[in-house]
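Remarks on the structure that follows.
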Amino acid sequence: MKIYNTLSKRKEEFIPLEEGKVKMYVCGPTVYNLIHIGNARPMIVFDTVRRYMEHKGYEVNFVSNFTDVDDKIIKKAIEEGVEASVVSERYIAECKKDMKAMNVKEATTHPKATEEICGMLDMIGTLIEKGHAYAAEDGTVYFRTRSFQGYGKLSHKNLDDLQGGNRSLLVTGEDQKEDPLDFVLWKPKKEGEPYWESSWCDGRPGWHIECSVMSKKYLGEEIDIHAGGEDLIFPHHENEIAQSEAANGKPFAKYWMHNAFLNIDNRKMSKSEGNFFTVRDISEKYDLQVLRFFMLSAHYRSPLNFSAELMEAAQNGYERIVTSVGNLGYLLENTATVTLKEEESGLLEQAKGFITSFEEAMDDDFNSADAIAAIFDLVKFANVHANAGSSKEFLKGLKDEILLLSDICGLIVERKQEMLDRDIEALIGERQAARKAKDFKRADEIRNELLEKGIILEDTREGVKWKRA
RNA sequence: GGCGCAGUAGCCAAGUGGUAAGGCAAUGGUCUGCAACACCAGUAUCCACCGGUUCAAAUCCGGUCUGCGCCUCCA
């Protein structure tokens with residue numbers, strides 16, 4: 001299995017620190033609002049990475065945080081006149097709902113920044129002891145960036161370029177830094193803000209220290225994979241490396257993975273441009289499985305454009321898989337043949353090739369677009385070879401294979417068949433009688449009536465089938 | 001100014017040296033009372049443009065044009 005590592009800028013063979021186990025940390029959202037579809041990309045992408053690794057037999061310890069103390073959360077809390085924790089708890093709950101609908105698995109641990117303050121104070125203390133950090137007069141603690149030799153190794157920047165391009169933005173406190181590149185580890189509270197006591201001042205942590213600490217606590221000082229959106233490469237992940245490696249004295253993460261951005265109509269998504277969508281917005285119009293399918297149809301390191309037209313196309317593509325599984329399920333229930341026929345066992349053997357193609361694609365830096373192409377090839381194969389005369393074993397073999405590959409992608413492709421109401425069943429029966437008597441007027445009336453109730457009928461070679469709209 | 005990414009059919013998108021996957025849409029056909037589903041068929045002599053390397057390039061090198069991202073909170 002090869003993974004593109006931002007650190008080396010190339011694909012590398014994945015070798016876990018500990019055989020059979022993967023320690024993985026994904027930077028999670030700041031919970032000040034409903035998550036947007038840009039937040040959804042890393043969630044879906046890295047959930048798929050995790051699922052694939054589990055499929056390959058790895059035991060994955062997957063940690064993803066919630067940043068629940070931050071300027072934006074505090075601002076919102078003040079606007080609403082409530083505690084910051086009320087805002088953050090609310091949006092953590094909402095975020096979890098969205099994740100569930102996208103079929104993103106729960107992390108092994110979902111730490112919250114506010115519950116890890118002790119660890120942060122410890123690490124900041126260590127950094128000061130080792131000379132990598134210093135407290136200014138007002139109690140703000142800064143990381144001494146130039147004291148860490150490897151600074152810039154992830155984003156491939158050198159310190160002098162950074163300074164050269166540095167705009168003269170002397171924000172409050174900027175003048176008390178030893179160097180403009182130094183960044184905040186701990187900052188003093190302002191009136192009305194949540195704070196914690198420390199030996200430097202009553203205050204709260206800087207953003208970067210959170211992840212260094214949570215990663216260390218739940219995964220250890222050295223981890224396999226650290227992931228997030230590409231915008232986090234600098235400064236967030238660069239700073240995490242500096243903090244963790246300076247404090248622990250060992251390499252932080254072995255592989256750094258970053259997903260590219262999701263754009264809206266070829267523009268970066270932003271509230272000011274009015275092209276901002278929350279996952280909740282999308283869920284009103286589409287099954288979020290469609291969003292997931294859409295995200296996986298491109299490579300995670302390529303920018304992906306979002307538009308209504310593209311979502312329609314994704315929906316149709318996704319439906320093709322769902323329909324095929326539905327057909328196989330229907331045939332399975334209705335076939336009389338049980339045991340595998342000879343030619344079927346050959347076909348089933350042939351169908352295993354699609355699993356191989358799928359795995360080859362995923363092994364190559366999680367090429368989900370190619371992997372999905374393998375699923376489509378399998379769907380085509382099933383559509384061509386499965387029919388009313390097929391054996392149960394054969395049909396089940398094909399269906400299970402589609403289900404297996406879809407599940408690795410986190411795609412739910414099997415519709416739950418709820419029991420039909422007695423009335424609806426009666427109507428379908430009546431329509432069949434009408435069709436037999438060539439009373440198509442009545443037959444269409446019934447079909448339209450059912451359509452209004454959200455039941456779509458399809459007359460296939462195998463019989464009448466229905467699905468919910 | 002510094003660093004980096006991308007440009008493949010109407011749309012989306014794989015493919016990083018051996019002669020263009022897959023999906024959506026559209027077209028013709030089979031099936032069907034009709035519709036939907038499904039299947040079959042053809043569908044880029046060519047991968048932004050120019051030059052170079054090579055027996056061989058969408059794939060490597062140089063240049064040009066275009067779009068985009070990061071360098072500041074941001075997935």
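Keep in mind that this is a model prediction, so the values were computed, not measured. Residue numbering restarts at 1 for every chain, and letters A, B, ... go by the order of the sequence lines.
Backbone-only engagement by A:F376 is indicated by non-hydrogen atom pairs under 4.0 Å involving sugar-phosphate atoms exclusively. Nucleic acid contact for A:S302: sugar-phosphate only, since backbone atoms but no base atoms lie under 4.0 Å from a heavy atom of the residue. Among the atoms of the strands shown, none is found under 4.0 Å from any heavy atom of A:K465. Residue contacts shown for A:D444 include a base, since a base heavy atom lies under 4.0 Å away. Here A:N367 lies in heavy-atom contact (under 4.0 Å) with sugar-phosphate atoms only. Residue A:R10 is classed as having no contact, given no heavy-atom separation below 4.0 Å to the nucleic acid. Residue A:H236 is classed as having no contact, given no heavy-atom separation below 4.0 Å to the nucleic acid. A:A313 comes within 4.0 angstrom of the backbone, heavy atoms only, and of no base. No engagement by A:R301 is indicated, since no non-hydrogen atom pair under 4.0 Å with the nucleic acid exists. Residue contacts for A:N383: at a heavy-atom cut-off of 4.0 Å it reaches the sugar-phosphate backbone alone, with no base atom in range. A:K441 comes within 4.0 angstrom of nothing in the nucleic acid, heavy atoms only. Residue contacts shown for A:I35 are absent, as no nucleic acid heavy atom lies under 4.0 Å away.
Comparing the P positions of B:G10 and B:A44 gives a spacing of 10 Å, expressed to the nearest Å. Look at the P atom in both B:C60 and B:G7: the space between them is 11 Å, to the nearest Å. Comparing B:A48 with B:A20, their P atoms are spaced 16 Å from each other, to the whole Å. For the C1' atoms, the distance from B:U8 to B:C47 is 4 Å, rounded to whole Å. Using P as the reference atom, B:A38 and B:G23 are 11 Å apart when rounded to the nearest Å. When the P atom is used for both B:U59 and B:U53, the distance is 15 Å, rounded to whole Å. One C1' atom belongs to B:C24, the other to B:A14, and the distance between them is 15 Å to the nearest Å. For the P atom pair drawn from B:G33 and B:A41, the interatomic distance equals 25 Å after rounding to whole Å.
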Dot-bracket for RNA chain B, 5' to 3', counting Watson-Crick or G-U wobble pairs under 3.5 Å, with [ ] for crossing pairs and | for inter-strand pairs? ((((((((.[[[..)..(...]]]..((((.......))))......[[[[[..)....]]]]])))))))....
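Classification of A:D182 and A:R146 as a salt-bridged pair fails, no side-chain N sitting under 4.0 Å from a carboxylate O. Salt-bridge annotation for A:R447 and A:D444: present, with a side-chain N of the basic residue lying under 4.0 Å from a carboxylate O of the acidic one. A salt bridge does not link A:R415 to A:D287: none of the charged side-chain nitrogens sits closer than 4.0 Å to a carboxylate oxygen. A salt bridge does not link A:K112 to A:E116: none of the charged nitrogens lies less than 4.0 Å from a carboxylate oxygen.
Comparing atom distances between the A:R435 side chain and each of B:G4, B:C11, B:C34 picks out B:C34 as nearest. Nearest nucleotide to the side chain of A:A298, out of B:A21, B:A13, B:C73: B:A13. Counting only heavy atoms from C-beta on, A:T323 has its side chain closest to B:C37 among B:C37, B:C40, B:A75. The listed nucleotides are B:G22, B:A35, B:A25; the one nearest the side chain of A:R447 is B:A35. Of all nucleotides listed (B:A13, B:C68, B:A75), B:C68 comes nearest to the side chain of A:R267. When distances run from any side-chain atom of A:F234 to the nucleotides B:C74, B:C71, B:A14, the shortest one goes to B:C71. Here the side chain of A:E458 is nearest to one of B:A14, B:A36, B:G33, namely B:A36. For A:N316, whose side chain is taken as the heavy atoms from C-beta onward, the closest listed nucleotide among B:G4, B:A25, B:A13 is B:A25. Of the candidates B:A14, B:A75, B:G33, B:A75 carries the atom nearest the A:H36 side chain, counting heavy atoms from C-beta on.
A distance cut-off of 5.5 Å between ring centres, combined with a plane angle under 30°, places A:F440 in a stacking arrangement with the base of B:G33.
Using bins of under 30°, 30° to 60° and over 60° for the plane-to-plane angle, the ring pair A:F276/A:H36 lands in the perpendicular bin.
A:H258 has its NE2 atom 16 Å from the P atom of B:G4, to the nearest Å. In this structure, A:N448 places its CG atom 13 Å from C1' of B:A36, rounding to the nearest Å. When the P atom of B:G22 is taken as reference, atom CD1 of A:I321 falls 15 Å away, rounded to whole Å.
Residues A:E309 and A:G38 both approach RNA chain B. Their nearest nucleotides, taken by heavy-atom distance, put A:E309 toward the 5′ side. Take the nearest nucleotide of RNA chain B for A:G28 and for A:P303: the residue whose nucleotide is more 5' is A:P303.
Taking the six-membered ring for Trp and the full ring otherwise, A:H237 and A:H258 have centroids separated by under 6.0 Å. Ring centroid separation for the pair A:F277 and A:F306 comes in under the 6.0 Å cut-off. Centroid-to-centroid, the aromatic rings of A:F381 and A:F354 come within less than 6.0 Å. Ring centroid separation for the pair A:Y255 and A:F14 comes in under the 6.0 Å cut-off.
Although no hydrogens or angles enter the test, the distance criterion places a donor-acceptor pair under 3.5 Å between the side chain of A:N5 and the main chain of A:W256.
A:K268 contributes a side-chain N or O that forms a donor-acceptor pair with the base of B:C74 under 3.5 Å. In the interface, the side chain of A:D459 is paired with the base of B:C34 through a donor and an acceptor atom under 3.5 Å apart.
Geometrically, A:R41 does not engage A:Y300 in a cation-pi contact defined by less than 6.0 Å to the ring centre and at most 45° from the axis.
Side-chain N/O atoms of A:N305 include none lying less than 4.0 angstrom from OP1 or OP2 on B:C12. The side chain of A:S357 contributes no N or O atom lying less than 4.0 Å from OP1 or OP2 of B:G22. Considering only side-chain N and O atoms, A:R320 lies under 4.0 angstrom from the phosphate OP1 or OP2 of B:A38.
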